[in-house]
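On a predicted model such as this, the values are computed, not experimentally measured, just so you know. Order of appearance sets the numbers: ligands from 1, and atoms from 1 within every ligand.
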Amino acid sequence: MKVLVIGAGNMGLTYAEGMSKSKLLKKKNIMVLDKSEEKLEELHQISHFDAFSELKDCVPEADIIFIAVKPYHAEGVFKAIKPLVNSQQILVSIMAGVTIASIEDITGLTKIVRAMPNLPAQIGKGLTSYVISQDVSRIEMLTVESLLDTTGKSIQVSNEQFIDASTGISGSGPAYVFYFMQSMMEAAMQMGFSKEDSTILVRQTFTGAVELFNQSNLSPNSWMERVASKGGTTRAALDSMEDNNVNELIKDAAFAAFNRAVELGKEY
Ligand SMILES: NC(=O)c1ccc[n+]([C@@H]2O[C@H](COP(=O)([O-])OP(=O)(O)OC[C@H]3O[C@@H](n4cnc5c(N)ncnc54)[C@H](OP(=O)(O)O)[C@@H]3O)[C@@H](O)[C@H]2O)c1
């Protein structure tokens, strides 16, 4: 099996490197294409991927083609690969807002996987949600899933609306966590801690809480109840959040991202 990654940016390289580390594919079977000569030279020197600048030299050879350019470059890439592809090839798009119908329309391909990764994919802790078009067989789906899983975990969703929805949860979600961390660091500094100590306090608190959650079957609500005792400090903080409707505000934020993903989808 040969995989081609078009677009050697943050995400494209994350997948190429994930696949190569996983040993699912030999390095010689991972092809990477970018339009930047400088990047290609670097790729060849450092990562030893087969690096290409011309679509005609790599598209026909690929069994699976990952497209990882920015969404506004998608149409140009689709038009350029159309004369080079064959109906057995699987196209995996990780581009936000680019629909399966638009990919099929322009490329003529019918085996499409639309995936939405998130930033922690870069350290192998990502979450990719994906949906497949009708023509993707079960074996092909499992093959693509194993490639997606080289950057973390994946979940298959039943339709593209859930790709937009997962954008609002896992796609944009890391930023919500950073937002919360930033607020807690600012509170720590206002209490008099140095920036360094504030960072340690917050980092270890998040790491510890996530580990506790990971190592149990308890829901976040159950954990909150375990930490908060009546009349205690944690209860005071949780009551303050409830009084200020923080729960609803966080849900509003997730829906704002979901709605924006839907809007972007109409533009492409
Ligand atoms: N970053 C994330 O966390 C994240 C999460 C979910 C989904 N995504 C999706 O992933 C995709 C890639 O994002 P990214 O952050 O990796 O972008 P990026 O770092 O800008 O990478 C895109 C790469 O593709 C190259 N490129 C542009 N047009 C090309 C063409 N016609 N042929 C070959 N290469 C071309 C770009 O070159 P130039 O720089 O010279 O234009 C750049 O090297 C986006 O569609 C985004 O929606 C990203």
Side-chain angles (χ1 to χ4, degrees), residues 3-19 30-44 46-47 49-59 62 65-85 91-100 102-103 106-107 112-131 147-148 150-155 157 160 162-178 254 257-258 260-268:
V3 174
L4 166 65
V5 178
I6 299 182
N10 296 316
M11 275 296 153
L13 283 185
T14 292
Y15 279 102
E17 272 156 18
M19 290 184 248
I30 304 173
M31 304 179 281
V32 179
L33 177 137
D34 201 277
K35 57 182 188 180
S36 150
E37 289 292 337
E38 210 176 295
K39 209 174 287 176
L40 290 170
E41 184 57 30
E42 202 181 297
L43 274 177
H44 210 60
I46 300 171
S47 308
F49 293 126
D50 248 352
F52 295 85
S53 58
E54 296 287 337
L55 291 165
K56 66 175 170 45
D57 296 333
C58 50
V59 169
I65 304 169
F66 272 69
I67 308 227
V69 300
K70 293 281 189 203
Y72 50 81
H73 285 134
E75 193 176 339
V77 172
F78 293 158
K79 283 183 176 158
I81 64 170
K82 187 182 164 78
L84 302 168
V85 292
L91 189 150
V92 182
S93 163
I94 62 157
M95 296 177 289
V98 181
T99 61
I100 290 181
S102 71
I103 300 171
I106 312 177
T107 62
I112 314 291
V113 178
R114 181 178 165 196
M116 172 51 59
N118 67 1
L119 200 56
Q122 290 182 5
I123 54 160
K125 300 270 180 190
L127 187 283
T128 303
S129 56
Y130 71 94
V131 60
L147 296 176
L148 296 175
T150 63
T151 64
K153 292 184 193 303
S154 62
I155 57 164
V157 296
E160 291 186 272
F162 283 109
I163 295 289
D164 294 328
S166 65
T167 304
I169 304 296
S170 53
S172 303
Y176 316 158
V177 176
F178 296 137
F258 174 20
R260 183 70 188 129
V262 174
E263 265 173 29
L264 285 174
K266 290 180 186 150
E267 288 173 21
Y268 296 102

J.: Considering only heavy atoms from C-beta outward, does the side chain of Ile81 approach that of Leu91 to under 4.5 Å?
T.: yes
J.: Return yes or no for this condition: an N or O of Ala96 is under 3.5 Å from an N or O of ligand 1.
T.: yes
J.: What is the closest protein heavy atom to atom 13 (O) of ligand 1, and at what distance does it sit?
T.: Lys70 NZ, 4.0 Å
J.: With a 4.0 Å heavy-atom cut-off (strictly under), which part of Val77 contacts ligand 1: side chain, backbone, both or neither?
T.: side chain
J.: Considering only protein heavy atoms, which is closest to atom 22 (C) of ligand 1, and at what distance to one decimal place?
T.: Ala68 O, 3.5 Å
J.: Are side-chain heavy atoms of Leu13 and Leu43 found at a separation under 4.5 Å?
T.: yes
J.: Nearest protein heavy atom to atom 24 (O) of ligand 1, by residue and atom, and its distance?
T.: Gly7 CA, 3.3 Å
J.: Could you tell me whether the side chain of Phe49 reaches within less than 4.5 Å of the side chain of Val5, counting heavy atoms only?
T.: no
J.: Where is the nearest protein heavy atom to atom 25 (C) of ligand 1: which residue, which atom, and how far?
T.: Asp34 OD2, 3.3 Å
J.: If you measure from each non-hydrogen atom of Ser36 to ligand 1, which part falls under 4.0 Å: side chain, backbone, both or neither?
T.: neither
J.: Looking only at protein heavy atoms, identify the closest one to atom 2 (C) of ligand 1 and say how far it is in Å.
T.: Met11 CE, 3.5 Å
J.: Can you name the atoms of ligand 1, numbered from 1 with element, that are less than 4.0 Å from a heavy atom of Met116?
T.: 6 (C)
J.: In terms of atom number and element, which parts of ligand 1 are under 4.0 angstrom from non-hydrogen atoms of Asn10?
T.: 15 (O), 16 (O), 19 (O)
J.: What atoms in ligand 1 come closer than 4.0 Å to a heavy atom of Pro71?
T.: 44 (C), 45 (O), 47 (O)
J.: Please could you name the atoms of ligand 1 that Leu33 approaches to less than 4.0 Å, counting only its heavy atoms?
T.: 32 (N), 33 (C)
J.: Charged N to carboxylate O below 4.0 Å: is that the case for Glu263 and Arg260?
T.: yes
J.: Would you mind reporting whether Ile155 and Phe162 have side-chain heavy atoms less than 4.5 Å apart?
T.: no
J.: Is any side-chain heavy atom of Phe78 closer than 4.5 Å to one of Ile67?
T.: yes
J.: Tell me, which protein residue and heavy-atom name are nearest atom 21 (O) of ligand 1, and how many Å apart are they?
T.: Gly9 CA, 3.1 Å
J.: Just wondering, do Met95 and Val69 contact through their side chains at under 4.5 Å, heavy atoms?
T.: yes
J.: Just to confirm my output: which protein heavy-atom neighbour is closest to atom 6 (C) of ligand 1, and how far is it?
T.: Pro117 O, 3.3 Å
J.: Tell me which pairs pass side chain to side chain donor-acceptor pair (under 3.5 Å) where either residue lies in residues 117-129, with sequence neighbours left out.
T.: Tyr15-Thr128, Ser129-Ser166
J.: Which protein non-hydrogen atom lies closest to atom 7 (C) of ligand 1, naming both residue and atom, and how far is it?
T.: Ile94 O, 3.4 Å
J.: Return the option from Ile67, Val32, Val69 holding the heavy atom at the smallest distance from atom 35 (C) of ligand 1.
T.: Val69
J.: Can you confirm whether Leu119 sits close enough to Asn10 that some side-chain heavy atom of one is under 4.5 Å from a side-chain heavy atom of the other?
T.: no
J.: Give every residue pair that meets the salt bridge (charged side-chain N to carboxylate O under 4.0 Å, His left out) criterion with at least one member in residues 162-176, sequence neighbours excluded.
T.: Arg114-Asp164
J.: So, do Val85 and Ile65 sit near enough that their side-chain heavy atoms are less than 4.5 Å apart?
T.: yes
J.: Nearest to atom 43 (O) of ligand 1 by heavy atom, Lys35, Lys39, His73, Glu38: which?
T.: Lys39
